2 protein chains.
Amino acid sequence: MSSLANTKTRILDVAERLFGDHGFLGTSLRDITKEANANIASVNYHFGSKEALLAAVLERRLEPINELRLAKLDRLESQTEDKVLSVEDIVRAFLEPPFAKRKDWGAQGTTFFRVLGRVHGETSQEFRETFMQQFDVVLQRFFTAFQRALPNAPSKDLAWRMLFMTGSMAFTMSWGETLKQRDENLNRDPSEVIELLSAYVSAGMSATPTSQENPKT
Amino acid sequence: MSSLANTKTRILDVAERLFGDHGFLGTSLRDITKEANANIASVNYHFGSKEALLAAVLERRLEPINELRLAKLDRLESQTEDKVLSVEDIVRAFLEPPFAKRKDWGAQGTTFFRVLGRVHGETSQEFRETFMQQFDVVLQRFFTAFQRALPNAPSKDLAWRMLFMTGSMAFTMSWGETLKQRDENLNRDPSEVIELLSAYVSAGMSATPTSQENPKT
DNA sequence: GTCTATATGCGGATAGAC
DNA sequence: GTCTATCCGCATATAGAC
């Protein structure tokens, strides 16, 4: 439990929850330290600043997710001779890790994805630059895998489709919980949702290219 | 130009831009009134509160977008006998209006969509409830249209796919501009993007259902 | 409708004792 | 590592003159 962990971890846990519920700017260090039973000065002692605390909250969860994505892709590619995978395998290697980790992490995991959905709106341009660098390696690896799987799709199509894929996933993770309460049809088990999402994204990624072009430009 | 319009409109324009650039909580009324050449007290005089100002910013753009969506759907349905449309027609009726309006509105329009992407993270639960009610009629009409076009897809599949569709669109509109600067492949004209997005979403919406079920449950 | 002045409170960060 | 006390600035909102 949170209350038994050390101060640094308690701050991380509480910050994650409050950032998820009220946003980064909507949460004060006083709110966080009060709930974490920590002193107001401890955030600066342990993390340096409020923004650095947010970075720590993000990194703690994103690192294992991206590691798992790359591990799955490595494993799939090692099982083939030419590294040509099916679109659905690639899509699942990208989409399943966040869902799997969220399940591992329980309620804290659910909150984390609401934090993620808010990064764009509430942080400085420099912060977002640093933040996105965490994804550069992952996106590059998956881009290459998609290029091999869809040799007839122009690079620009693939790049945009990866953005659409990320959007479907991110929106699902940040709005999904909120919207479940408004629509009976959305009230499903997470294991069903990942199936629905994988089917949708795989079909979208495999759509007929909008134009013909050498994919290796 | 903004500088020639009346105070109320100038405040709306500046608020839209600053909310888009720095977020709702990251923008102060002082920032807004300073740039709009208006007095700090004028926001409360014209709108009542900061949150009411945000609501006005959102409504000014969302109303014509949703009106256009419904008009396109009406028009398509009036051209058929049984109101059964193609998936791509429905998808385009949903996706094209925001892109078309953004084009009409120029730079102000581009900013607006960044505001939209931030609503979830920076407002109260009650505010979001009211906000989402603006979409209830639209989503219900499009849901019915998709049910007719895809009679074999279970209702739960369609509801989630509409969420995925909205996610692809919302993510594209809020992150697209930022990411264009980081990846050459993403640097495309908006008219190309809507084509790429429509193709992707249409394929996703038409994906093979994950299970068989009576769609009219 | 627009202005100045002000009420009132919360924000992040830090100094320095323990 | 943790605490108290405090610095200093900015926030929204409003009262009341013009």
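Keep in mind that the numbers below use all heavy atoms, side chains included, and drop hydrogens, waters and symmetry copies. If you're wondering where the values come from, they're calculated on a predicted model, not measured in any experiment. Lettering follows sequence order; numbering is per chain, from 1.
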Practice item. Report, as a single string ordered 5' to 3', how protein heavy atoms within less than 4.0 Å touch nucleotides 5-10 of chain D: B base, S sugar-phosphate only, - not at all. Key: -B----

Practice item. Respond yes when some side-chain nitrogen or oxygen of B:T7 is under 4.0 Å from OP1 or OP2 of C:dT2, and no when none is. Key: yes

Review point. Under a 4.0 Å heavy-atom cut-off, which of residues 42-53 of chain A touch DNA chain C?
Key: A:N44, A:S49, A:K50

Review point. Considering residues at least two apart in sequence or located in another chain, which fulfil the ring pair (Phe, Tyr, Trp, His ring centres under 6.0 Å) criterion with A:F94?
Key: A:F142

Check your understanding: For the pair made of CG in B:D31 and C1' in D:dA11, what is the distance, rounded to whole Å?
Key -> 11 Å

**Study point:** B:L25 CG to C:dC10 P, straight-line distance once rounded to whole Å
**Key:** 16 Å

Practice item. Provide, to the nearest angstrom, the distance between the CG atom belonging to A:L29 and the P atom belonging to D:dT4. Key: 16 Å

Review point. Do A:S42 and A:N39 meet the criterion of a side-chain donor-acceptor pair at a distance under 3.5 Å?
Key: no

Review point. For the pair made of CD1 in A:I32 and C1' in C:dC10, what is the distance, rounded to whole Å?
Key: 14 Å

**Study point:** Side-chain heavy atoms of A:V43 within contact of A:R30, under 4.5 Å
**Key:** no

Point to revise | Donor-acceptor contact present, side-chain B:R148 to main-chain B:L85, <3.5 Å | key: no

Practice item. Using a 4.0 Å heavy-atom cut-off across all strands, classify B:T33 as base, sugar-phosphate, or nothing. Key: nothing

